[in-house]
Amino acid sequence: CLGEMQEKQEKPASAPVGHGRENRIICPYLDTVDRSVLDFDFEKVCSVTLSNVNVYACLVCGKYFQGRGQHTPAFEHSLEVEHHVFMHLETLKAWCLPEGYEIIDASLDDIKHVIRPLLAPEYIATLDRVSRPSRTLDGTTYLPGFVGLNNIGHTDYINAVVHALSRVTPLRNHLLLEANTEGFSPLVSRFGDLLRRMWNPSNFRPQVSPHELVQLVDVLSKRHFHIGTPGDPTEFMAWFLHCLRTDLRHPPVTARPAPGKATPGAAGGEAAGVKHGRSGAPVAKRGKRTVVEEAFEGSVKIVTHPKGHDPRKLRPEAAETTSSPFLFLSLDIPAAPLFQEKEKQIIPQIPLPTLMSKFDGTNLKIQYSGEGKQYQISQLPPYLMLHFNRFTKSNFISEKNPTIVNFFLKNLDMTDYTVGHIPARYDLVANICHDGTATDGVFKVYLLNKAKDAWYLIHDLNVEEVFPDAVRFSQTCLQIYERQPDIAAIPTPSPPSTGPTDGLPTLGATSTSTSTTSPTGSVSVTGSNPMPPPLVEKPKGPAFFQSSDVRR
């Protein structure tokens with residue numbers, strides 16, 4: 001048995017050493033530890049056996065080896081190259097090999113904090129109020145939370161989504177506490193670990209590698225979000241949030257089965273009727289709201305007019321009213337002019353309120369089926385996500401709409417697009433944009449530093465502070481707005497139609513309309529187009545709820 005053999009190999013070469021202060025051994029090899037070569041961002045597997053069981057890190061050269069007993073890779077490495085200080089990557093205990101005694105020394109605490117950052121609740125509560133720069137080993141300064149992420153291979157869209165979600169305060173603060181991710185699915189655990197390393201003020205380097213999370217996403221999505229293949233941040237955002245809320249809805253357990261595997265005592269691959277989601281976690285019954293739904297879920301009222309109606313003579317008695325939840329809203333950018341004079345190569349612009357008029361409750365949208373639909377937001381979420389349909393893809397060509405959307409950095413007014421016209425305002429906190437052509441472009445993200453009221457542009461490893469105008473005139477694809485605290489209505493000027501400025505007030509009301517839920521937990525709206533199959537079953541299609549205008 002592999003476990004019994006590893007237990008025998010784990011026996012130290014010398015007599016056990018007590019943990020008391022009087023029995024503590026002062027290791028003479030601590031000065032050989034080289035922190036500049038240590039990198040704990042990559043998958044924790046042995047460099048010899050490629051096993052992830054009982055892995056130690058050599059603190060002298062930074063390589064990973066399995067075991068510490070005789071005839072193990074770590075033991076043989078200590079004899080061959082005379083590297084003596086090793087640390088277990090799970091228990092964080094340091095050992096001296098080949099002598100085989102445990103090293104108890106406070107000088108190694110900084111390494112333990114890099115391997116597994118533990119952030120205090122008091123520190124987490126001040127992230128949006130205090131911005132203190134930190135220093136790396138080589139003296140480079142960086143701001144925790146505004147660090148570069150390695151591009152593993154066309155994974156810039158994943159990096160942008162991770163940064164954008166780190167601006168959502170309730171979701172970020174919930175996952176930064178290790179106790180809130182222990183026992184959950186590997187996706188929740190690795191995402192929480194990545195966030196803790198991004199916000200760690202004691203990093204050895206000013207950048208972090210999302211290798212473990214990206215590799216897990218590649219496997220769970222059945223290579224739809226494959227390393228080395230460009231992707232869409234909106235599709236990934238929808239798939240990622242769906243997996244997170246599905247996994248967080250189930251209470252933590254000590255051990256989770258692999259995707260498709262049966263739990264102990266289960267027959268036929270299912271545990272007493274418990275279904276498993278895309279990330280391997282059991283799917284709990286709907287009803288418990290997770291931190292994802294508390295932050296992003298809103299509701300939209302849909303009025304459907306029958307086929308063959310006269311748009312000029314709408315009959316409310318013949319219309320059907322339904323309500324559908326959403327995680328983000330989809331806005332259609334008008335097509336750019338096909339022909340322009342060479343002397344007037346002007347990039348078209350359109351104000352955000354013009355696009356948002358689709359949700360004013362009066363604008364009628366004709367569907368492919370001939371039905372007419374009117375949309376109006378019945379309940380606003382604390383964090384509003386807007387998706388702009390900028391790309392047109394087919395089997396032969398991929399095109400990008402270069403139109404600039406003039407949006408608001410602060411005081412976005414949603415009053416005219418909601419039921420009841422209750423004032424509410426939103427401030428922009430994250431903006432994912434695209435730079436380049438449809439086939440050769442890259443995704444970048446603009447992030448708001450609330451403590452400094454400053455904007456930062458992050459593209460992979462590059463982090464720089466920018467002026468607010470650079471955010472306004474970017475080719476935005478996905479935005480996240482944070483709702484302001486409810487205050488009395490304040491008079492606001494009308495937004496200009498030719499350029500971006502600050503905005504106005506908003507609202508949130510509830511609707512009692514009906515909606516239906518499928519056995520898989522997806523919401524479908526009566527009279528709308530059928531929902532496409534899940535992403536993992538049909539890689540070519542999107543992985544989120546989709547009518548013509550509302551996506552989940």
Side-chain angles (χ1 to χ4, degrees), residues 9-49 51-119 134-142 144 147 150 178 193 196-209 211-212:
Q9 293 176 345
E10 283 299 309
K11 293 182 179 179
S14 61
V17 178
H19 290 190
R21 184 178 298 272
E22 65 281 357
N23 295 327
R24 182 176 303 175
I25 296 179
I26 300 177
C27 181
Y29 304 110
L30 288 179
D31 58 344
T32 63
V33 175
D34 188 359
R35 289 168 172 78
S36 63
V37 300
L38 300 181
D39 190 353
F40 304 106
D41 289 337
F42 293 95
E43 189 176 8
K44 298 173 177 59
V45 296
C46 176
S47 58
V48 178
T49 63
S51 172
N52 60 354
V53 179
N54 199 28
V55 179
Y56 289 78
C58 176
L59 302 187
V60 182
C61 64
K63 296 181 180 179
Y64 295 165
F65 298 97
Q66 187 180 20
R68 60 180 174 84
Q70 294 184 7
H71 309 297
T72 59
F75 189 88
E76 294 177 354
H77 176 73
S78 66
L79 293 176
E80 291 174 358
V81 295
E82 297 184 356
H83 293 175
H84 302 280
V85 185
F86 293 80
M87 181 172 290
H88 196 282
L89 295 178
E90 291 296 331
T91 63
L92 301 184
K93 291 184 178 180
W95 296 86
C96 181
L97 299 181
E99 287 81 356
Y101 60 84
E102 183 179 356
I103 303 174
I104 303 177
D105 197 287
S107 63
L108 301 178
D109 290 346
D110 59 335
I111 299 179
K112 297 178 182 180
H113 192 63
V114 172
I115 298 178
R116 185 182 298 170
L118 297 178
L119 306 182
S134 301
R135 287 188 178 273
T136 60
L137 291 176
D138 59 0
T140 304
T141 59
Y142 72 96
V147 297
N150 287 335
E178 188 180 38
D193 181 67
R196 285 188 288 271
R197 287 187 281 118
M198 291 171 57
W199 289 93
N200 184 12
S202 305
N203 283 333
F204 290 165
R205 292 182 173 87
Q207 68 272 350
V208 175
S209 176
H211 177 83
E212 289 186 311

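Remember, predicted model here, so these are calculated numbers, not experimental data.
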### Query
Rounded to the nearest 0.5 Å, what separation is found between the NE2 atom of His113 and the CG atom of Asn200?
4.0 Å
## Note on the structure
For Val147 and Pro206 the tightest heavy-atom approach is CB-O, 3.5 Å
### Message
Less than 4.5 Å apart, side chain to side chain, heavy atoms only: is that true for Leu108 and Ile103?
### Response
yes
### Summary
Nearest heavy-atom contact between Tyr56 and His88 is CZ-CD2, 3.3 Å
### Query
Looking only at heavy atoms, which two atoms of Pro117 and Val114 are closest? And how far apart?
CD-O, 3.8 Å
### Query
What's the shortest heavy-atom distance between Phe42 and Ser209, and which atoms?
CE2-OG, 3.9 Å
### Message
Classify the ring geometry of His84 against Tyr29: parallel below 30°, tilted from 30° to 60°, perpendicular beyond 60°.
### Response
parallel
### Task
Determine yes or no for a side-chain-to-main-chain donor-acceptor pair under 3.5 angstrom, with His83 supplying the side chain and Ser78 the backbone.
no
### Message
Under a 3.5 Å distance rule, please check whether Arg68 uses its side chain to pair with a backbone N or O of Met87 as donor and acceptor.
### Response
no
### Query
Taking atom CZ of Arg135 as the centre, does the number of heavy atoms from other residues, nucleotides or ligands within less than 6.0 Å exceed 12?
no
### Smallest separation among heavy atoms of Pro98 and Phe75, with atom names
CB-CE1, 3.4 Å
### Query
Can you tell if the side chain of Asp105 reaches within under 4.5 Å of the side chain of Cys27, non-hydrogen atoms only?
no
### Query
For Phe65, does its backbone N or O pair with a side-chain atom of Ser47 as donor and acceptor, under 3.5 Å?
no
#### Entry: Any Val45 side-chain heavy atom under 4.5 Å of Asn52 side chain
yes
### Task
Could you tell me whether the side chain of Pro73 reaches within less than 4.5 Å of the side chain of Thr49, counting heavy atoms only?
yes
### Query
Do Asp39 and Phe204 touch side chain to side chain, with heavy atoms closer than 4.5 Å?
no
#### Entry: Side chains of Pro144 and Asn203 in contact at under 4.5 Å (non-hydrogen atoms)
no
### Query
Between Phe86 and His77, what is the ring plane arrangement, given parallel below 30°, perpendicular above 60°, and tilted in between?
perpendicular
### Task
Might you confirm whether atom CD of Glu43 has over 12 heavy atoms from other residues, nucleotides or ligands at distances under 6.0 Å?
yes
#### Entry: Atom pair OG1/CZ of Thr136 and Arg35 - distance to nearest 0.5 Å
14.0 Å
### Task
Answer yes or no: is there a side-chain heavy-atom contact under 4.5 Å between Gln66 and Thr72?
no
### Message
Whether the side chain of Gln207 engages the backbone of Asn150 through a donor-acceptor N/O pair (distance < 3.5 Å, no angle test) should be reported.
### Response
no
### Query
Hey, is NZ on Lys44 packed in by over 12 heavy atoms from elsewhere, all under 6.0 Å?
yes
### Query
Would Arg205 and Asp41 satisfy salt bridge (charged side-chain N to carboxylate O under 4.0 Å, His left out), going step by step from the backbone distance to the final call?
CA-CA 11 Å; Arg205 292 182 173 87; Asp41 289 337; over 6 Å; no
### Atom pair CD1 (Ile111) and CG (Leu38), whose distance is rounded to the nearest 0.5 Å
5.5 Å
